[in-house]
Amino acid sequence: MAEDAPSDVRKWDTVNTVCDLVAEMAWERLRSEPELLCLHAAAVNFDGRLIVFPNARRAGKSTLAIALARLGRQLYTDDFLPVRVDATSQSCLGVANGAAPRIRLPLPKGFSDAFHAWVEQDRGPSNPQYKYIFDAEIAPHDETLPLGALVVLDRQDDPVEPTLAPMAREDALESLITQNFARTRHAGAILKSIEVITRHLPIYRLSYHNAEVAAEYLSNHSDLKSLPAARFAELPQDDRQAPLSQADQPAPEFAAELQYIQAANVTETPAGDDSFLADGTGLAIFRLNPVSAAIWRLLEEPTDLTEVASILAAAFPDVAADQIAMDSEQLMRGLAEACLIMPVAAKVAAQ
């Protein structure tokens, strides 16, 4: 044994093993069907439409989804949701993974005795960290339902009454982009699909503290009842794959003395005053704030660092010149390293 090896060997029980197996199932689904989006999200059936909760780890999506399942809602997933974007049928369908949900232990403070008893009586296995829930209604593997709405979770540390409010589309775009973990599909294709989804579905932010209370609130909320079937007439048929062999290539060097122009094959999605860009290689998606987006549009024509600094200086006359110069170079360098712009000479040569 190496001298720096940990003294305590980590032991894996059956619940840990199942957790790893479910995670591997998600990756295998993407490997076998690379055209799918796959969201780090929970999804629950609300009267024939999927309410999707796209949130990062520890946002409370699993606990909320299980609390909704306890109220009789069919659970599609508490962790990852494959989404089939079908241009032919003009639909976006969530695909059930068929896996039992797991709830983190101990249960959050403030949950009712009835909720505790329901979890304890469930037949699912448990360890000190998690319990799998077997007795909730779980959609069969590969069953599909249309997406109905997106609900981004904003869990509060302090007690608050749950509220459901419309959410800015640009923030929802970022949430879906960051929670998508497809790696082989071209970033431009992902961006186009997510852009259409966020344009046609209702988008909400749920502020809450107690998931059990929030589940009751959502189950009775009028905005989530009888959701119409969204039609995605302009869904892109885009099966491009990302060339993952380029992922480890060094970033291009930025040369301050050169003129730059927008790179070829960049996919752009405006959202409010912001813009989301997928680089031409298909490896990444970037969000530009209003100032960066304005400079990006300026770069439709050959532009150098001096001109960018001059424009920013005119827009922000109260900012010191050296700060403007530094910010301008940082912006141009970032765009170049992201392969969103390239030297004019290089673009001409490529054409």
K.L.:
In terms of hydrophobic clustering (I, L, V, M, F, W, Y; side-chain heavy atoms under 4.5 Å; direct or indirect links), are Y76 and V52 co-clustered?
P.N.:
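Both belong to a single hydrophobic cluster.
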K.L.:
Rounded to the nearest 0.5 Å, what separation is found between the OG1 atom of T163 and the OH atom of Y204?
P.N.:
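OH of Y204 is found 13.0 Å from OG1 of T163.
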K.L.:
Using atom types as modelled and distance alone, determine if a side-chain donor or acceptor of R84 lies under 3.5 Å from a backbone N or O of V95.
P.N.:
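No, because the side chain of R84 does not come within donor-acceptor range (under 3.5 Å) of the backbone of V95.
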K.L.:
Within this structure, what is the OG1-NZ distance for the pair T267 and K192, rounded to the nearest 0.5 Å?
P.N.:
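The distance works out to 5.0 Å.
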K.L.:
Measure the shortest side-chain to side-chain distance between T63 and F111 over non-hydrogen atoms and say whether it is less than 4.5 angstrom.
P.N.:
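Side chain of T63 against side chain of F111, heavy atoms only: contact under 4.5 Å found.
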K.L.:
Quick one: does any side-chain atom of D47 pair with a main-chain N or O of K225 as donor and acceptor, under 3.5 Å?
P.N.:
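Looks like no, no N/O pair under 3.5 Å.
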K.L.:
Do the side chain of Y130 and the main chain of N16 share a donor and acceptor less than 3.5 angstrom apart?
P.N.:
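Checking the backbone N and O of N16 against the side chain of Y130, no donor-acceptor pair under 3.5 Å is found.
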K.L.:
Ignoring hydrogens and geometry, is there a side-chain-to-backbone donor-acceptor pair from D78 to R102 under 3.5 Å?
P.N.:
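Answer holds: yes.
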K.L.:
For residues W118 and A136, report the shortest heavy-atom separation together with the two atoms involved.
P.N.:
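Of all heavy-atom pairs spanning W118 and A136, the closest is CZ2-CB, 4.4 Å.
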K.L.:
Apply salt bridge (charged side-chain N to carboxylate O under 4.0 Å, His left out) to residues R287 and D171 and explain how you reach the verdict.
P.N.:
CA-CA 10 Å; R287 181 177 183 173; D171 294 331; 3.3 Å; yes
K.L.:
Is there side-chain contact between E143 and Q74, with heavy atoms separated by less than 4.5 Å?
P.N.:
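Heavy-atom side-chain distance check passes, below 4.5 Å.
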K.L.:
For the atom pair CG (N45) and CD1 (I138), what is the distance rounded to the nearest 0.5 Å?
P.N.:
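The CD1 atom of I138 is 13.5 Å from CG of N45, to the nearest 0.5 Å.
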K.L.:
Restricting to non-hydrogen atoms, name the atom on T198 and the atom on E195 that form the minimum distance, rounded to 0.1 Å.
P.N.:
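Looks like OG1-O, 3.1 Å.
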K.L.:
For a quick test of reading the model, state the closest non-hydrogen atom pair linking L93 to L147 and the distance between them.
P.N.:
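Shortest heavy-atom separation between L93 and L147 comes out as C-CD2, 4.4 Å.
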K.L.:
Can you confirm whether F254 sits close enough to E337 that some side-chain heavy atom of one is under 4.5 Å from a side-chain heavy atom of the other?
P.N.:
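With C-beta onward as the side chain, the pair stays apart.
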K.L.:
Of the non-hydrogen atoms in Y132 and V15, which two are nearest, and what is the gap between them?
P.N.:
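What the structure gives for the nearest pair is CE1-CG1, 3.9 Å.
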K.L.:
Would you say the side-chain atoms of Q262 pair up with the backbone N or O of W296, donor to acceptor, closer than 3.5 Å?
P.N.:
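Flag set: sc Q262 to bb W296 pair under 3.5 Å.
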K.L.:
Just by modelled atom types, is the P162 backbone N or O under 3.5 Å from a matching donor or acceptor in the H209 side chain?
P.N.:
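Side chain of H209 to backbone of P162: no pair is present.
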K.L.:
Could you give me the CA-CA distance, side-chain angles and deciding distance for S292 and N289, then say whether side chain to side chain donor-acceptor pair (under 3.5 Å) is met?
P.N.:
CA-CA 5 Å; S292 299; N289 63 26; 3.1 Å; yes
K.L.:
Below 4.0 angstrom, N of the basic side chain to O of the carboxylate: do R70 and E216 qualify?
P.N.:
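No salt bridge links R70 with E216.
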K.L.:
Is there a donor-acceptor pair under 3.5 Å between the side chain of Y217 and the backbone N or O of L164?
P.N.:
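At least one qualifying donor-acceptor pair exists.
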K.L.:
With distance as the sole test, does S310 use its side chain to make a donor-acceptor pair with the main-chain N or O of T306 at under 3.5 Å?
P.N.:
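Flag not set: sc S310 to bb T306 has no pair under 3.5 Å.
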K.L.:
So does I190 get a backbone contact from the side chain of N180, meaning a donor-acceptor N/O pair under 3.5 Å?
P.N.:
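Such a contact is absent between N180 side chain and I190 backbone.
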K.L.:
Can you see which heavy atom on V152 is nearest to which on S175, and at what distance?
P.N.:
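That closest heavy-atom pairing would be CG2-OG, 3.9 Å.
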K.L.:
What heavy-atom pair brings A309 and S328 nearest, and what distance separates the two atoms?
P.N.:
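The pair with the smallest heavy-atom distance is CA-OG, 3.2 Å.
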K.L.:
Find the distance between CG (L75) and CG (L68) and round it off to the nearest 0.5 Å.
P.N.:
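With rounding to 0.5 Å, CG (L75) is 8.5 Å from CG (L68).
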K.L.:
Count I, L, V, M, F, W, Y as connected when their side-chain heavy atoms are under 4.5 Å apart, and connections chain through other members. Are L64 and L71 then in the same cluster?
P.N.:
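Shared cluster, no.
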K.L.:
Going from OG1 on T269 to CD1 on I194, what distance comes out if it is rounded to the nearest 0.5 angstrom?
P.N.:
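Separation between the atoms: 9.5 Å.
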K.L.:
Roughly how far, to the nearest 0.5 Å, is the CG atom of L173 from the CG atom of D274?
P.N.:
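So the CG of D274 and the CG of L173 are separated by 10.0 Å.
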K.L.:
In the single-linkage hydrophobic clustering (I, L, V, M, F, W, Y; side-chain heavy atoms under 4.5 Å), do L305 and V344 co-cluster?
P.N.:
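Each belongs to a different hydrophobic cluster.
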